[in-house]
Amino acid sequence: GEGTPRMTVAERCLRRSLLFKDRDPKFLRELAENLDPESFQMGEDILREGETGSKMYFLVEGSVHVLLGLERRPVASLASGSVFGEMALLGAPR
């Protein structure tokens with residue numbers, strides 16, 4: 001038989017997310033299959049403070065720095081496997 005399908009990077013990120021960690025594995029697999037990958041260059045803004053978000057991001061590779069205010073003060077760094085932007089799914093502003 002085929003056995004258990006190998007978990008994708010997207011599924012692993014979903015399972016680490018508080019929003020999805022206890023969900024059914026089949027649901028997570030189907031969700032992961034419908035994610036659209038995006039790539040960003042170093043220094044490129046992904047989200048901007050105060051803007052209404054429309055996406056949730058799963059950081060598969062690299063790192064992201066969270067900068068606040070006009071002076072772009074660093075307040076956090078996110079590593080591979082991190083999830084951010086999930087509040088956009090709930091309609092909450094940043």
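If you're wondering where the values come from, they're calculated on a predicted model, not measured in any experiment. Counting from 1, the numbers follow the sequence of the chain as shown.
Residue-environment remark: CZ (Arg16) exceeds the threshold of 12 foreign heavy atoms within 6.0 Å. With a 6.0 Å radius and a threshold of 12 heavy atoms from other residues, nucleotides or ligands, Glu38 has its CD atom above the threshold.
A cation-pi contact, defined as under 6.0 Å to the ring centre and within 45° of the axis, links Arg23 to Phe27.
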- Full working for salt bridge (Lys or Arg N to Asp or Glu O under 4.0 Å) between Glu33 and Arg29: CA-CA 6 Å; Glu33 289 171 0; Arg29 192 168 26 263; 5.4 Å; no
- Task: Go through Arg72 and Asp45 one step at a time and tell me if the salt bridge (Lys or Arg N to Asp or Glu O under 4.0 Å) criterion holds.
- Result: CA-CA 11 Å; Arg72 299 173 63 87; Asp45 289 342; 3.0 Å; yes
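A heavy-atom distance below 4.5 Å is not found between the side chains of Pro74 and His65. Side-chain contact between Phe20 and Met56 is present, with at least one heavy-atom pair separated by less than 4.5 Å. Side-chain contact between Leu67 and Arg73: absent, with no pair of heavy atoms (C-beta onward) separated by less than 4.5 Å.
Scanning all heavy atoms of the two residues, the minimum distance from Cys13 to Val83 falls at O-CG2, 3.8 Å. Counting all heavy atoms, side chain and backbone alike, Pro25 lies closest to Glu11 at O-OE1, 4.4 Å. Annotation for Leu14 and Leu31: closest pair CD2-CD2, 3.8 Å, computed over non-hydrogen atoms. Closest non-hydrogen pair, Gly69 versus Glu49, comes out as N-OE1, 2.9 Å.
Here the side chain of Glu61 pairs no donor or acceptor atom with the backbone of Ser80 at under 3.5 angstrom.
Linking ILVMFWY side-chain heavy atoms closer than 4.5 Å, directly or via other members, places Val75 and Val64 in a single hydrophobic cluster.
The aromatic rings of Tyr57 and Phe84 lie parallel to each other, with less than 30° between the two planes, well short of the 60° mark.
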